[in-house]
Structures are given as structure tokens and as C-alpha cells.
Amino acid sequence: MAKILVIVESPAKAKTIEKFLGKSHYTVKASVGHVRDLPKSKLGIDIENNFEPGYINIRGKGDLIKDLKKSAKKASKVYLATDPDREGEAISWHLEHILGIENDEPCRIEFNEITKDAIRKAIKNPRKINLDLVDAQQARRVIDRLLGYQISPVLWQKLRKGLSAGRVQSVTTKLICDREKEINAFEPVEYWTIDAKSESKTGEDIDFKLSAIDGKKAEIHNEEEVNKILEIIENKDLHVVKIESKKRKKSAPKPFTTSVLQQEGVNRLGFSTKKTMMIAQELYEGIDVKGEGTVGLISYIRTDSNRISEEAKGKAEVFIKETLGNEYYKEEKKSSEKKSSKKVQDAHEAIRPTSVDRTPDSIKDSLSKDQYKLYNLIWRRFVASQMSDSEFELMNVECQIENYTFKATGSKMIFDGYTKVYNFYDREDRILPEISEGDDLKVKGIFPEQHFTQPPARYTEASLVKTLEELGIGRPSTYAPTIATILNREYVEKSGSSLQPTELGILVTEILEANFAKLMDVDFTAKLENELDTIEEGEANWKEVVKESYEPFEEAIKEALENIEKVNMDVETDEICELCGSNMVIKYGRFGKFMACKNYPECKNTKPIVNKIGVKCPKCGEGEIIVRKTKKGRAFYGCSKYPDCDFIEWNKPVEEVCPECGSYMTEKVSKKGKKHICSNKECGFEKAIEEEN
């Protein structure tokens with residue numbers, strides 16, 4: 001008896017699904033992504049013929065396509081089970097074409113999670129290929145090919161070969177460059193704060209902060225103003241004029257969408273967006289869980305939706321009530337769907353565990369360290385989203401000295417609610433001592449402090465993803481690959497967790513802004529994303545959208561190619577070539593910057609650029625500490641005398657020596673500021689470092 005053929009995208013998914021369906025009646029094979037695409041060697045789009053794409057079978061996939069065709073001929077039925085999004089729909093459409101499946105054949109199945117029930121339900125509900133989804137994907141692919149393949153050669157002529165421009169990547173690079181301009185142009189402004197330490201009648205300390213002067217927000221600009229205030233309030237008591245006590249509730253965060261998962265992966269776990277999505281894909285496609293076999297642990301990972309199925313909500317309710325207590329379940333849960341003018345990739349749910357009963361700790365032994373971290377984050381976020389609010393009691397005390405208002409705030413948690421499951425902050429109750437209105441509190445000390453306003457922070461991967469989403473640039477599935485692309489192209493580099501533009505990135509952005517202003521226009525990119533949504537909804541013709549989007553660039557591309565002048569990016573240095581005595585210059589190659597002799601081609605001496613940090617090696621005392629990179633591009637610090645000295649450190653070493661144990665110190669930068677920490681973990685000494693203004 002002929003079997004039913006099911007085609008999915010990845011071998012891992014194929015393996016998982018075949019176990020659910022059984023080999024006796026089903027054969028499950030993987031297309032390994034796309035099987036047809038535009039050719040790499042040429043544009044592949046007939047602009048004169050209404051932008052008709054010239055798809056070809058992807059080179060290197062001939063044997064795989066033959067095998068799929070052979071299996072399809074033998075099969076009694078073919079089901080295409082690619083991912084439930086535009087990209088997946090397009091892959092199924094190409095497979096339909098290659099395998100000769102009739103257009104009106106209900107051959108497409110989709111599921112939001114890879115579990116036995118979800119797969120078997122999908123098999124019972126096949127549908128036809130959704131051509132609106134396919135057309136939306138075709139429009140994106142064609143526009144990106146037209147712009148990328150025709151604008152990139154401008155960069156090749158102007159700068160060097162191997163550079164690329166793109167509708168999303170170029171705007172993303174521009175955002176990072178624009179932020180760097182803001183930082184460089186920023187002028188710090190001086191301001192002061194004044195704190196007062198007082199004592200209650202029972203002898204307990206209370207810290208107050210100056211909040212208002214003459215009833216208006218306190219703004220102190222210089223030391224002269226501070227001294228005038230100190231003269232007035234010196235040796236005077238704080239008079240309690242107002243005590244306010246109120247309760248506050250805080251609702252649980254919504255379950256993860258793709259972009260929020262990427263942001264939390266960066267902020268909570270220290271993962272890159274690329275790593276977060278890679279691990280999430282593994283959890284979605286299936287993990288071999290001890291005692292269960294291979295099963296998908298989370299629902300589909302590319303979604304804009306906060307929606308949760310009624311079935312998943314019901315199971316979460318039972319779990320919460322049975323394990324935590326009825327008081328932890330939020331009975332009246334408002335719709336978690338975020339109202340938006342943008343179309344949500346619905347049919348999808350939020351990212352959630354496929355079974356709430358599969359707790360992180362119960363399957364920890366079946367997961368890698370990183371898989372456990374991400375699954376734990378997703379599971380806790382989902383469970384918390386169905387839990388009760390946390391409740392706090394807040395107390396505000398307002399005091400006066402003359403016309404100066406000082407405030408102190410206390411808080412106490414009454415009920416932990418969802419934070420019992422999802423809490424990333426070490427929160428302590430800050431309880432104020434018993435005070436009454438009309439009390440006079442003795443002031444033990446006045447503490448003025450000078451500050452300077454800070455420039456806007458550089459983007460991190462998390463804050464960049466948030467900005468891209470807010471501006472409507474790209475879609476959640478494009479954020480991670482876009483960031484990876486601009487890092488790989490060396491338009492942007494990482495400094496700690498921050499993203500900053502390279503000299504190359506700034507030059508590329510300047511050239512594109514000068515020649516293709518529309519490409520770099522955030523509104524153009526966001527408008528196009530909305531138009532792709534209208535194609536998906538069947539309200540627009542994809543070729544008309546392509547024509548409208550491409551026309552403004554056609555003449556600009558011709559002019560740029562005709563008028564472009566090459567920029568010499570070589571930078572001469574003081575370093576002397578040891579072979580011929582000429583100066584060395586910094587050049588850009590396929591793999592980044594390197595040093596080469598100015599006298600090329602007569603002298604072909606080259607060498608890598610060594611990035612010294614000005615610190616002697618703490619191990620050998622002779623070499624200098626230099627920045628090096630792993631094969632995956634992660635920066636670390638090593639000795640210039642390697643391999644004679646094998647010193648390695650992930651954190652940046654500093655010249656300072658630990659006063660406690662004499663070990664070398666390293667620098668650590670976080671949201672809370674910069675500090676030097678002892679490299680000896682048993683010592684644990686650390687000290688905060690004041691930032692220079």
C-alpha cells in the first residue's frame with residue numbers, strides 16, 4: 001500500500017513528525033529550506049516584462065529534488081508542511097510546482113506546534129496553497145533583489161568589492177550611525193541633587209531627596225545655587241506636611257512575541273538575537289526528552305501575536321491552581337491581544353510551551369545548558385501571563401524646610417502574584433519608620449551631589465530590535481539575520497553589548513544617503529512593510545506594489561553608476577615595513593582591516609592589525625595585552641607573546657592590581673555603570689569606577 005508523503009523544511013522536524021505519524025503509513029522528508037529561488041549570478045528579474053521573476057532550482061539540490069519527485073510519484077498523497085508563514089507558504093508553492101501538484105489540490109497543512117495532537121489534527125484539515133501569502137513573499141523577495149543587486153555595485157565602484165546594500169540592513173545601519181552622531185554632538189549639562197538624612201523619633205534613619213522648590217520641580221544648575229540653598233536649610237528640621245499611603249497592582253507581562261523574546265534573550269540571558277532564534281528553533285523542532293521521545297517543546301517562534309489558545313489557557317489555569325494555589329490565578333483575564341493598526345501574523349499564538357506540565361526542571365537533563373535557559377524563560381513568561389497581579393503598599397512622606405520640599409518613599413510587597421514565577425529583580429521591601437503628619441525630624445546631614453546629563457546610549461541588540469519594531473522596519477523574523485549581516489559586513493561592531501558603527505559603516509551610509517535617500521528613509525521601508533501586509537490580505541497586486549516601490553530608484557541607480565568617484569580608504573600609519581622601509585597603510589579586504597606596505601605591488605608585505613589596550617600581560621610581564629577574536633567573532637584578551645605565553649581573559653584587563661590579594665583586575669560594564677573586579681574569584685573584590693565627563 002502506497003504511503004502518504006509529508007514534506008517539511010528541516011531534517012530535525014522531519015524526524016520528529018515521522019515518529020508521531022508512524023513509518024507504516026507515512027514518509028516524512030525535508031526540503032532543507034527553499035528548493036527554487038532567484039539565480040545568484042544575475043538579477044533574475046525581467047523588469048521589462050512586469051517584473052517577472054526567473055526562478056531556478058537551487059544549485060546543489062538536484063539530488064534532493066530528484067528524491068522528492070521519486071517519493072511523490074510513489075505516494076498516495078502529498079502534504080506540504082512547511083512553516084506557517086509567508087516564507088513557508090512560498091516554499092510549499094515552489095514544491096507544488098516542482099512536484100507537479102495541481103493548483104487546486106488541498107495539499108497544504110500547517111500547525112503551530114510540533115506535538116502528536118497538533119500534527120494529526122493538521123493532517124485531517126489540508127487546504128490549498130494561499131497565493132496571497134505567496135505573492136506577499138514574492139513582492140518582498142523581488143524588491144529586495146532589485147535594490148540589493150543594483151545598488152550594491154555602486155558601493156563596489158565607490159569603495160570596494162564585497163559590500164552590500166539592502167532595504168532593511170542599510171536603514172538599520174543608518175540608525176546606529178545616527179545614534180553615534182547624537183553621542184558625538186552631545187554636550188553634557190551640569191545639574192545637582194540634594195539629599196537629607198534625618199532621624200525619626202524612635203532613632204531610625206530616613207533618607208529624603210529634594211524634590212521641589214516653591215512647589216515646582218527642583219532644578220539646580222550649579223554649585224552657587226547649591227550653596228544658597230544650603231545657607232537657608234542648614235541646621236533646620238524637616239517638618240512632615242503630608243503622608244500618603246496607597247496600594248498599587250502590577251500586572252504580569254504578556255507572553256512572548258518574537259521581538260520581545262529576542263530582547264529578553266539579550267537582556268536576561270546575554271544571548272545574541274541570532275543565538276536566541278537558533279536555540280528557539282531547536283526547541284520548536286523537537287528535543288529528545290527522556291521518557292517521552294522527541295517532541296516540540298514550544299509553539300511556532302515567528303509571531304507578532306500575544307494570543308493564547310483557550311486550550312492552553314485552561315491547562316495553565318489547572319497547573320497554577322494545583323501547584324501554587326487558587327489565589328495565584330487571575331480569573332478575569334482581559335484579552336492579551338495588542339491592538340495595532342498593523343496586521344498581526346495570526347493563526348499564530350504567542351510563543352509558549354507546548355505543555356505547561358513539562359516544567360523546565362523536569363526536563364533539564366534532556367536539554368543543553370542554553371536550551372534550558374531559554375525554555376525556562378519562555379515557560380515562566382507564559383505561566384506568569386496567566387497569573388494574578390503583584391500587589392504593593394506604597395508610602396510617600398513629604399517634608400518642608402522653608403520653601404523646599406523633600407520626599408521619601410517606602411514600599412512593601414503585600415502579595416507576590418506573578419513575580420513568584422517571573423521575577424528578575426532582587427527586590428527588597430523599603431519600609432519607612434512610623435511617622436506622623438506634623439512631626440519635626442532632626443536633620444543629621446545634607447549631601448549635595450554634582451551630576452552631568454549623559455548622552456543617549458548606544459543601541460544594544462535588544463534596544464535595536466525594539467526600535468525596529470516601533471518604526472515598522474522589517475518583521476520579527478528579519479531582525480536577527482539583519483543584525484548578523486551588518487556585523488558580518490563590518491558596518492557595525494560590538495563594544496561590550498553595545499553596537500557602534502565602523503568607519504566603513506559610516507562611509508557606506510554616507511554614500512547611500514547621498515545617492516539613494518529613499519532607500520535610507522525609515523518611512524519608505526515601513527510603508528512597504530504595510531503594503532506587503534495588504535498583499536497578504538488580498539487587497540493589492542504584488543507586481544503593482546513592486547513597480548511603485550522600484551520606480552523612484554531606477555534613475556538614481558543609473559546616475560550613481562555614471563557619476564560615482566572612488567574613495568581611497570587606505571590610511572597611512574607610522575609603522576614601518578620591515579622589508580623595504582616604507583610606511584604601512586591600513587587597508588580593507590574581504591576579511592576586514594589589515595596592514596599592507598605602501599610600496600605595493602613592488603613590496604607585498606602584509607600583516608594583521610594588532611589592537612593593543614595599553615596593559616602589560618599580568619602573566620609573563622613582557623608581552624602586551626591585545627584584543628583577539630574567536631572563530632565565531634567573540635572578542636577576548638590575550639598576550640602578544642602567544643604561543644610563548646598563553647594568557648587568556650574574556651573581560652578587559654586593567655593596569656590596577658587588587659589591593660586585597662594582588663591579582664590582576666578586569667573591567668566590567670553593565671547598566672549600573674563601570675567597575676573593576678578582581679580576577680581571583682575566591683577574592684571577589686570590586687570597586688565602582690566614576691565615568692569621566
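Here, residue 1 is the first one in the sequence, and each next residue gets the next number.
A donor and an acceptor atom, one from each side chain of Gln137 and Glu87, are located under 3.5 Å apart. Residues Thr485 and Gln169 bring no donor and acceptor atom of their side chains to less than 3.5 Å of each other. A donor and an acceptor atom, one from each side chain of Thr502 and Glu490, are nowhere located under 3.5 Å apart. In summary, the side chains of Ser10 and Glu285 do present a donor paired with an acceptor at a separation below 3.5 Å, with no hydrogens or angles considered. With hydrogens and angles left out, the side-chain atoms of Thr460 and Ser497 include no donor and acceptor closer than 3.5 Å.
Evaluated for a salt bridge (charged side-chain N to carboxylate O under 4.0 Å, His left out) with Asp37, the options Lys61, Arg141, Arg59 yield exactly one hit, Arg141. Between Tyr284 and the choices Ile279, Ile114, Thr354, the side chain to side chain contact (heavy atoms under 4.5 Å, CB included) rule is met once, by Ile114. Test His34, Arg36, Glu89 against His94 for side chain to side chain donor-acceptor pair (under 3.5 Å) and you get one pass: Arg36. For the side chain to side chain donor-acceptor pair (under 3.5 Å) with Glu461, the lone residue among Gln262, Lys275, Lys466, Lys494 that qualifies is Lys494.
The nearest pair of heavy atoms linking Ala540 to Val545 is CB-CG2, 4.2 Å. The minimum heavy-atom distance linking Ala75 with Ala2 is given by the pair C-CB, 4.3 Å. Taking both residues in full, the closest heavy atoms of Pro84 and Glu110 are given as CB-OE1, 3.3 Å, listed atom of the first, atom of the second, then distance.
Between Asp288 and Lys19, no side-chain nitrogen of the basic residue sits less than 4.0 Å from a carboxylate oxygen of the acidic one, so the salt-bridge criterion is not met. Here Glu96 does not pair with Arg108 in a salt bridge; the nearest charged N to carboxylate O distance is not below 4.0 Å. For Lys527 and Glu531, the salt-bridge test passes: some basic side-chain N is under 4.0 Å from an acidic carboxylate O. Salt-bridge check for Lys70 with Asp63: failed, with every basic side-chain N at 4.0 Å or more from each acidic carboxylate O. Salt bridge status for Glu310 with Lys313: present, with a side-chain N to carboxylate O gap under 4.0 Å. Under 4.0 Å is where a charged nitrogen must lie from a carboxylate oxygen, and between Arg167 and Glu529 at least one such pair does. For the pair Lys543 and Glu52, the salt-bridge criterion is met [side-chain N within less than 4.0 Å of a carboxylate O].
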For Leu146 and Leu43, run side chain to side chain contact (heavy atoms under 4.5 Å, CB included): C-alpha distance rounded to whole Å, both residues' side-chain angles, the deciding distance at 0.1 Å, then the answer. CA-CA 7 Å; Leu146 286 169; Leu43 184 63; 4.2 Å; yes

Under the side chain to side chain donor-acceptor pair (under 3.5 Å) criterion, do Gln263 and Tyr479 qualify, and how do the steps go? CA-CA 11 Å; Gln263 292 170 52; Tyr479 299 151; over 6 Å; no

Could you go through the side chain to side chain contact (heavy atoms under 4.5 Å, CB included) check for Tyr550 and Ile143 one step at a time? CA-CA 7 Å; Tyr550 176 65; Ile143 290 168; over 6 Å; no

Verdict with reasoning, Glu102 to Lys128, per salt bridge (charged side-chain N to carboxylate O under 4.0 Å, His left out): CA-CA 10 Å; Glu102 294 293 330; Lys128 293 188 288 186; over 6 Å; no

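Residue pairs that meet the side-chain hydrogen bond (donor to acceptor under 3.5 Å, both in side chains) test with at least one member in residues 372-382, sequence neighbours left out, are Asp361-Tyr372, Asn376-Arg380, Arg381-Tyr422.
Both cation-pi conditions hold for Arg145 and Tyr149: the charged atom is under 6.0 angstrom from the six-membered ring centre and inside a 45 degree cone around its axis.
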